[in-house]
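These notes concern the structure reproduced below.
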Amino acid sequence: IAGYLRFDGDIFPQATGGVNASPYFALLLLVTVVWAMGAEHYGLCTVKYLFAPGGKTQKGFLACFVTYAAVLAMMFFYRAASFSRLFIALSAVALVLLTIFVRVVFRVIWHLQRRYEQNWIKILIIGADEFAGQVARSLNCGQLMPCRTVGFVSLPGQKTAEFDAPVYTIEDLEMLASRNGIDEVILALPLSRFAEIPALMTRLEPLCVPIRATLDMGEDIFVRERLFDLGGMLMLDLHSTPAESITYFILKRAFDLVFSIAAVVVGPLMLLIAALVKLTSPGPVLFTQDRVGLNGRIFRIYKFRTMRQSVPDESNTRWTTQNDPRRTRLGSFLRAASLDELPQFFNVIRGDMSVVGPRPERPFFVQKFLRDIALYNSRHYLKVGITGWAQVNGWRGDTSIFKRLEHDLYYLRNWSLSFDLQIILLTLIRGLSNRNAY
């Protein structure tokens, strides 16, 4: 396509001005190999990518960007031939557009096939409670495969919900096997019936169909990859965190160090603030306090002092409120602009904190919230941060703890490096205009 557009409708460069075609075909081979690696890395060739609810265009663009960044880097050291810059640009645009086009065409063809009922997968669900109903609705409405639930099997002692499809008992499995009208079996079980799976597998063997399990873990278990192999043993994660992943450990730590060192290099601003704090009110420049961090560990946090000196127990057990008389005039400005947080970049360099994460709380309030609020301790599965998803949405200071926890748990479930960058950008935009920063 790039050759056709660049060389006046002729895809062979040698036909126009004696341009040598061989390097262009070598370039085609190189781009194809690098593109295949990029597409594999970003999962563009997976069914999960094709039917993901969001982020498809972003991943396709990233794969194309990485492909051409790598190719241009290689071409920088290749001096045997020169290439048309317009040709390279046109081919990059064409690759992005074709990536989107192929995905759209595939989805259109896929959805056309869904119209024919003979292509639908007929599913029998083992379980007949509300959770089994949720599983059926999810499968029937899913984009991946057209499914139809042909029945539910009620387990002994199970409270049966109301369904459109027939409800059978365990004793009916032999009769269902003789009908030969089932393509797959889904086990929809709560954790309390986990031990029944081996016996159920034996009862389901006569059906001769694939058997899969979806387990009701409850709302408080929120991990991304739950089943993994460890030395030949299958292990099920019930409370894993992104902090255990290599990506989080290396990429986030590297990002934290680079960003924090860059922030500390802006030394004149921090020195100016320190001088102003010292000149405008008696007492130390820095305020230190115990906070609760990753896995519940206690660490000392650093901030520019924004209040008059008081008894330590008072600051450890009392919220800062609007028009708080303890604040200095300079402190009010520093808190509103979040400039009092700048020394916490030293906490990040030490490893106590991250740039982005749930805000660290005082031990007194952590103990109080642990008794009063379910799942509160889940926010300590990640490193605490200077800024966070709750803070950029206005839930900071003397605001709803429940809303703050809700946003912290959302961040825990959806952490990514791009999400961190979004939060940092929002912090820079909203830092000077947050109405709850007092």
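Both backbone and side-chain heavy atoms feed into the values below; hydrogens, waters and symmetry mates do not. Small disclaimer: the values here were computed from a predicted structure and weren't measured.
Interatomic distance, CG of Leu98 versus CD1 of Ile1, reported as 4.5 Å (0.5 Å rounding). In this structure, Asn414 CG and Leu409 CG are separated by 10.5 Å, a value rounded to the nearest 0.5 Å. One distance of note links OG of Ser378 with CG of Leu405; it measures 7.5 Å at 0.5 Å rounding. One finds the OG1 atom of Thr306 at 9.0 Å from the CD atom of Glu341 (value rounded to the nearest 0.5 Å). To the nearest 0.5 Å, atom CG of residue Asp352 and atom CD1 of residue Ile301 are 9.0 Å apart. Expressed to the nearest 0.5 Å, how far CD1 of Ile125 lies from CG of Asp129 amounts to 10.5 Å.
Put simply, the side chain of Arg379 never gets that close to the backbone of Val384: no donor and acceptor are under 3.5 Å apart. Asp183 contributes no side-chain N or O that, together with a main-chain N or O of Val209, makes up a donor-acceptor pair within less than 3.5 Å. Side chain of Gln158 to backbone of Ala128: a donor-acceptor contact under 3.5 angstrom is found. Side-chain atoms of Arg148 never come within 3.5 Å of backbone atoms of Ile123 as a donor-acceptor pair (strictly under, hydrogens ignored). Between the Arg297 side chain and the Val292 main chain, no donor and acceptor come within less than 3.5 Å of each other.
Closest non-hydrogen pair, Phe131 versus Thr214, comes out as CE2-O, 3.6 Å. The minimum heavy-atom distance linking Arg404 with Gln391 is given by the pair CD-NE2, 4.2 Å. Among all heavy-atom pairs drawn from Tyr68 and Ser91, the shortest one is OH-OG, 2.7 Å. Between Ser260 and Ile349, the shortest heavy-atom contact is CB-CG1, 3.8 Å. Summarising the geometry of Arg300 relative to Asn347, their closest heavy-atom pair is O-ND2, 2.8 Å, with the distance given to 0.1 Å.
Partners of Arg291 under the side chain to side chain donor-acceptor pair (under 3.5 Å) rule, at least two apart in sequence or in another chain, are Gln289. Taking Phe163 as the reference, Phe152 meet the ring-ring contact (aromatic ring centres under 6.0 Å, His included) condition, with sequence neighbours excluded. Every residue meeting the side chain to side chain donor-acceptor pair (under 3.5 Å) condition with Glu196, not counting sequence neighbours, appears here in chain and number order: Arg193. Residues satisfying the side-chain contact (heavy atoms from CB on, under 4.5 Å) criterion with Ala63, sequence neighbours excluded, are Trp35, Tyr42, Leu44. When the side-chain contact (heavy atoms from CB on, under 4.5 Å) test is applied to Leu28, the partners found at least two apart in sequence or on another chain are Phe25, Thr32. Judged as a ring-ring contact (aromatic ring centres under 6.0 Å, His included), and not counting sequence neighbours, Phe299 has no contacts. By the side chain to side chain donor-acceptor pair (under 3.5 Å) test, Thr328 is found to be paired with no residue, residues two or more places apart in sequence or in another chain being considered. Applying the side-chain contact (heavy atoms from CB on, under 4.5 Å) criterion to Glu130, with sequence neighbours excluded, gives Ala161. Remark: Ala213 pairs with Leu187, Leu215 by the side-chain contact (heavy atoms from CB on, under 4.5 Å) rule, at least two apart or across chains. With sequence neighbours left out, the side chain to side chain donor-acceptor pair (under 3.5 Å) criterion links Asp340 to no other residue.
Applying the side chain to side chain donor-acceptor pair (under 3.5 Å) rule to pairs touching residues 275-284 yields Ser281-Arg305, sequence neighbours excluded. Pairs of residues two or more places apart, or lying in two chains, that qualify as salt bridge (Lys or Arg N to Asp or Glu O under 4.0 Å) and include a residue from residues 417-429 are Lys252-Asp420.
For Lys303, the NZ atom counts as densely surrounded, since its 6.0 Å shell holds more than 12 non-hydrogen atoms of other residues, nucleotides or ligands. Counting non-hydrogen atoms of other residues, nucleotides and ligands closer than 6.0 Å to CD of Glu40 gives a total of 12 or fewer. Heavy-atom neighbours of Phe402 CZ from other residues, nucleotides or ligands within 6.0 Å: at or below the threshold of 12.
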Does the pair Tyr24 and Ser84 meet the rule for a side chain to side chain donor-acceptor pair (under 3.5 Å), with working shown? CA-CA 10 Å; Tyr24 284 90; Ser84 164; 5.0 Å; no
